[in-house]
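Predicted model only: the values in this text are computed from it and were never measured. Order of listing sets the numbers, starting from 1, for every ligand and every atom in it.
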Amino acid sequence: MKRIGMLTSGGDCQALNAAMRGVVKTLLNNKEKAEIYGFLDGYKGLIYGKYRTLGGDDFSGILTKGGTILGSSRTPFKTIQDPDENGLNKVEAMKQNYKKLKLDCLVILGGNGTHKTANLLRQEGLNVVTLPKTIDNDLWGTDMTFGFQSAVDVATAAIDCIHTTAASHGRVFIVEVMGHKVGWLTLHAGMASGADIILLPEIPYDINKVIAKIEEREKKGSRFTIIAVAEGAISKQDASLSKKEYKKKLAEKIYPSVSYEVAAAIQEKTGREVRVTVPGHTQRGGSPCPYDRVFASRLGAEAGKLIMNGEYGFMVGIKDQEIVKVPLEEVAGKLKMVSPDASIVKEAKLLGICFGD
Ligand code: F6P
C-alpha cells in the first residue's frame with residue numbers, strides 16, 4: 001500500500017489530468033494498492049492541509065479534460081521560506097502535513113518555480129516525484145514538457161485566422177504569444193503558421209530590421225506581414241539597459257505589452273496600419289492535443305513505476321524519444337532557453353523568417 005500526495009502547481013496547462021490519470025492507472029493496473037490525497041490549489045493545499053481523498057474513479061474520464069481536477073495556484077519559490085501573514089512556517093507546515101498523513105511520497109506536477117520548491121522538499125527529506133508541465137517548454141532536463149504541443153496548436157490556430165484577415169486588408173498583424181522568459185512557443189507557433197517575423201526574448205530585435213523585412217516583403221508584392229511576438233520579446237536597446245532600468249521602464253506602462261510597443265514603432269516610422277492580437281490564456285485552455293495525451297500518459301506511467309519501486313527524487317522527462325528519470329537537483333533552478341545558435345533558428349532563417357537581429 002502506498003500513500004501518495006498529489007498536487008498541481010503554477011500556471012495550469014493542458015494534459016495535467018492526463019498525467020495524473022497515468023500515474024494512478026499504472027498503480028492500480030499493477031495491483032499496487034494506493035491511497036491518494038489530492039492537495040487543492042497547488043502547494044497551498046499542502047501548506048494548509050486542504051486535500052481530497054481520491055479513488056480510481058476520480059481519474060476516470062479525465063484523459064481529454066483540460067485544466068486540473070485539483071486546482072492550481074502560484075506559490076512563489078522566492079518567498080516559500082518566509083512566514084505567511086499569520087507567521088506560519090510554510091516549509092515546516094508542508095513537512096508536518098506530509099507526516100500527519102503518513103505519506104510515502106508526493107507527486108508534484110509543475111514548471112520551473114514548482115520544481116525549485118519540490119527540490120527543497122526533497123532536501124528536507126520528503127520523497128518526491130515530479131512531472132514537467134508548462135506551455136513554455138522551458139524546463140531543464142527534458143526535451144519537452146506536456147502542455148507545450150497543445151499550446152502550439154492553439155497559438156498556431158490563432159495566427160492562421162489572422163493570416164486570412166491580414167491578407168484581405170493588407171495590414172501588418174502582430175500576434176502576441178505567451179512566454180515571458182523563453183520563446184519556444186512563439187518560435188514553434190510562428191513557424192507552424194508561416195509567420196514572416198518572429199521576436200523572442202532570447203534574440204533582442206532591432207526595430208529597423210523588422211521594418212526592413214516588412215518593406216522587403218512589400219517590394220516582392222506581399223500585401224501583408226505577420227509578426228509573432230513573445231510576451232518577453234525585447235529590443236536591443238532595452239536589452240542593453242540594466243535590470244533596474246528595464247524594470248523601471250516596464251513599470252511606467254507606456255504600452256500594455258511589447259507587442260503594442262512594436263506596433264506603435266512600425267506605425268510611427270512607416271505610417272502602415274498595424275493591429276495587435278493577444279490570444280492570452282486561450283493558449284493554456286481546452287483539451288490536450290493527442291500528442292500531449294500520449295506524452296503525459298507515458299510520463300505518468302513512468303512516475304507510477306518509480307513509486308512502485310520506491311525510487312524518489314526524480315523528475316520524469318523525455319530525452320531522444322525515451323522517457324527518462326532526471327535527478328531533481330539537476331533540474332531545479334535552470335531554464336531551457338532558445339539558443340540563438342540553435343539549429344531550429346538557423347533553419348527558420350534559411351526559410352526567410354526574420355528575427356529582427
Ligand atoms: O505558465 C506559463 C505561462 O502561461 C506563461 O507563458 C505566461 O507568461 C504566464 O504563465 C502567465 O501567467 P498567469 O497565468 O499567472 O497570468
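- Cation-pi contact between Arg217 and Phe224: present, with separation from the ring centre below 6.0 Å and deviation from the ring axis of at most 45°.
- Residues passing the ring pair (Phe, Tyr, Trp, His ring centres under 6.0 Å) test with Phe295, sequence neighbours excluded: Tyr291.
- Not a single ring pair (Phe, Tyr, Trp, His ring centres under 6.0 Å) links Tyr312 to another residue, sequence neighbours left out.
- Here the straight-line distance linking atom OG1 of Thr142 with atom NZ of Lys133 works out to 14.0 Å at 0.5 Å rounding.
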Practice task
Report the C-alpha separation of Leu106 and Asn127 in whole Å, then their side-chain angles, then the decisive distance to 0.1 Å, and conclude whether the side-chain contact (heavy atoms from CB on, under 4.5 Å) test is met.
Solution key: CA-CA 6 Å; Leu106 286 170; Asn127 294 328; over 6 Å; no
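- Take Phe77 and apply the ring pair (Phe, Tyr, Trp, His ring centres under 6.0 Å) test, not counting sequence neighbours, and it matches no residue.
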Please give the N or O to N or O pairs under 3.5 Å between ligand 1 and the protein, distances rounded to 0.1 Å.
{"from": "ligand 1", "atom 1": "4 (O)", "to": "Arg284", "atom 2": "NH1", "distance (Å)": "2.9"}
{"from": "ligand 1", "atom 1": "6 (O)", "to": "Asp136", "atom 2": "OD1", "distance (Å)": "2.7"}
{"from": "ligand 1", "atom 1": "6 (O)", "to": "Asp136", "atom 2": "OD2", "distance (Å)": "3.4"}
{"from": "ligand 1", "atom 1": "6 (O)", "to": "Gly179", "atom 2": "N", "distance (Å)": "3.4"}
{"from": "ligand 1", "atom 1": "8 (O)", "to": "Glu231", "atom 2": "OE1", "distance (Å)": "2.6"}
{"from": "ligand 1", "atom 1": "10 (O)", "to": "Arg74", "atom 2": "NH2", "distance (Å)": "2.9"}
{"from": "ligand 1", "atom 1": "10 (O)", "to": "Arg284", "atom 2": "NH1", "distance (Å)": "3.1"}
{"from": "ligand 1", "atom 1": "12 (O)", "to": "Arg74", "atom 2": "NH2", "distance (Å)": "2.9"}
{"from": "ligand 1", "atom 1": "14 (O)", "to": "His281", "atom 2": "NE2", "distance (Å)": "2.8"}
{"from": "ligand 1", "atom 1": "14 (O)", "to": "Arg284", "atom 2": "NH1", "distance (Å)": "2.8"}
{"from": "ligand 1", "atom 1": "14 (O)", "to": "Arg284", "atom 2": "NH2", "distance (Å)": "3.1"}
{"from": "ligand 1", "atom 1": "15 (O)", "to": "Arg74", "atom 2": "NE", "distance (Å)": "2.9"}
{"from": "ligand 1", "atom 1": "15 (O)", "to": "Arg74", "atom 2": "NH2", "distance (Å)": "3.3"}
{"from": "ligand 1", "atom 1": "16 (O)", "to": "His281", "atom 2": "NE2", "distance (Å)": "3.3"}

